[in-house]
Amino acid sequence: MTYFCTLASGSSGNSAFYCCGRQRILIDAGKNVRYLSSQLRRLGMGVGDLTHVLITHSHSDHVSALPVLLKHSRAVLVCSYDTYAAVAAKLPPDPPRILFEPGETLLLGDCPVRTFATLHDAPGSCGYAVGEERERVAFCTDTGTVTAEIFEAIRGSRTVVLEFNHDEEMLKHGPYPYPLKLRILSDRGHLSNAFAARVAAGLCREGTETLILAHLSAENNRPELALDAVSAALEKAEVRAEVRLAPRDGMCDPVYF
Ligand SMILES: [Zn+2]
Ligand SMILES: [Zn+2]
């Protein structure tokens with residue numbers, strides 16, 4: 001059985017799980033191992049069952065559990081060369097790993113994984129489109145914009161996890177210091193609701209059936225604003241999709257293929 005779910009989403013930690021045949025793939029490890037174990041247990045899995053750990057980039061909300069996780073499992077670390085260079089000093093020496101330049105396509109067991117560069121303030125940051133065509137999940141968070149290359153890499157994925165980080169008005173009028181606001185709004189920061197909603201409508205025109213709204217800011221967004229933005233964009237484009245929110249702490253309902 002092939003299925004996917006997010007395990008945590010937001011600046012306090014990100015992780016997701018994709019199970020396909022013999023491959024048990026964790027995408028990002030930004031919560032502690034106890035938390036990840038308790039979520040995986042609900043799926044009948046443990047960290048010892050993981051075959052691969054894919055990392056999008058080196059920010060702590062995506063890698064904080066990695067040093068301990070690699071000690072407790074034989075999972076192969078999968079990340080870009082630049083991400084590895086940024087995190088290697090904290091990891092056990094010489095972990096089993098697959099390194100790549102974003103843009104390359106990998107084969108993990110029999111599971112194809114397309115990698116693509118995201119625009120973010122971490123070297124080698126990337127996203128992933130995991131799985132065979134009708135079981136493909138694209139994971140696209142922590143990017144300041146969606147380039148033509150990103151769209152090309154994720155289009156046609158049946159499920160897409162897409163960042164709906166902030167409402168622009170809430171961010172502009174909110175409590176963050178001005179330089180941080182500029183960083184988030186830049187094209188190396190995070191996606192706004194309005195931008196992500198337009199991308200989501202484009203994806204649904206290309207066959208995406210399930211959208212999972214992810215990495216919502218606790219300070220600069222509200223779930224109903226993200227949901228309103230996406231439903232307005234889908235309606236305008238005259239397309240439909242099942243829309244889910246990735247909870248900050250806890251898993252989303254698994255998507256079964
Ligand atoms: Zn993040
Ligand atoms: Zn980040």
Side-chain angles (χ1 to χ4, degrees), residues 5-18 25-32 35-36 39 53-67 69 77-88 90-91 102 115-130 137-147 150 153-154 160-168 170-171 174 176-177 179-193 195-196 199 211-223 226 245-252:
C5 64
T6 60
L7 305 179
S9 185
S11 54
S12 54
N14 296 273
S15 192
F17 181 65
Y18 183 80
I25 298 172
L26 196 73
I27 305 173
D28 281 338
K31 285 280 193 183
N32 64 41
Y35 175 92
L36 294 175
Q39 297 299 323
V53 181
L54 277 55
I55 297 295
T56 59
H57 65 295
S58 56
H59 286 164
S60 64
D61 57 320
H62 299 259
V63 299
S64 60
L66 199 52
L69 185 64
L77 170 65
V78 181
C79 66
S80 70
Y81 288 101
D82 285 349
T83 298
Y84 185 70
V87 299
K90 297 185 190 129
L91 303 182
T115 73
F116 54 89
T118 49
L119 272 75
H120 196 51
D121 53 355
S125 71
C126 70
Y128 297 99
V130 183
V137 176
F139 196 87
C140 182
T141 70
D142 298 73
T143 189
T145 189
V146 173
T147 59
I150 295 177
I154 65 180
V160 177
V161 180
L162 188 62
E163 168 169 65
F164 279 68
N165 178 259
H166 57 273
D167 173 80
E168 277 197 23
M170 277 186 78
L171 176 65
Y176 278 14
L180 182 54
K181 289 182 184 181
L182 284 186
R183 190 211 132 215
I184 293 169
L185 288 166
S186 80
D187 65 5
R188 301 219 156 242
H190 291 278
L191 291 183
S192 70
N193 289 343
F195 191 98
V199 173
L211 292 164
I212 302 179
L213 319 189
H215 215 303
L216 269 70
S217 166
E219 291 81 13
N220 303 308
N221 209 352
R222 287 201 301 270
L245 269 177
R248 188 175 313 282
D249 285 300
M251 64 169 69
C252 70

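As the structure lists them, so they are numbered: ligands from 1, and atoms in each ligand from 1. Just so you know, these numbers come straight off a predicted model, no measurement behind them.
- Side chains of Ser58 and Thr83: a donor-acceptor N/O pair is absent below 3.5 angstrom, by distance only.
- Taking the six-membered ring where the residue is Trp, the centroids of His215 and His62 are separated by under 6.0 Å.
- Inspection of the Asn14 and Asp28 side chains reveals no N or O donor paired with an N or O acceptor under 3.5 Å.
- Asp142 lies close to the Zn ion (ligand 2), since one of its N, O or S atoms is found at a distance under 2.8 Å.
- Salt-bridge check for Asp121 with Arg183: passed, with a basic side-chain N closer than 4.0 Å to an acidic carboxylate O.
- The Zn ion (ligand 1) lies under 2.8 Å from an N, O or S atom belonging to His62.
- Restricting His59 to its N, O or S atoms, the one at the least distance from the Zn ion (ligand 2) is ND1.
- Salt bridge Lys31/Asp249: present, at least one basic N to carboxylate O contact under 4.0 Å.
- Within Asp61, the N, O or S atom lying nearest to the Zn ion (ligand 1) carries the name OD2.
- The side-chain contact (heavy atoms from CB on, under 4.5 Å) with His190 is formed by just one residue from the set Leu185, Asn221, Asn165; it is Asn165.
- Between the Zn ion (ligand 1) and the N, O or S atoms of His215, the shortest distance is to NE2.
- For His120, the N, O or S atom with the smallest separation from the Zn ion (ligand 2) is NE2.
- Within the 2.8 Å limit, His190 places no N, O or S atom next to the Zn ion (ligand 1).
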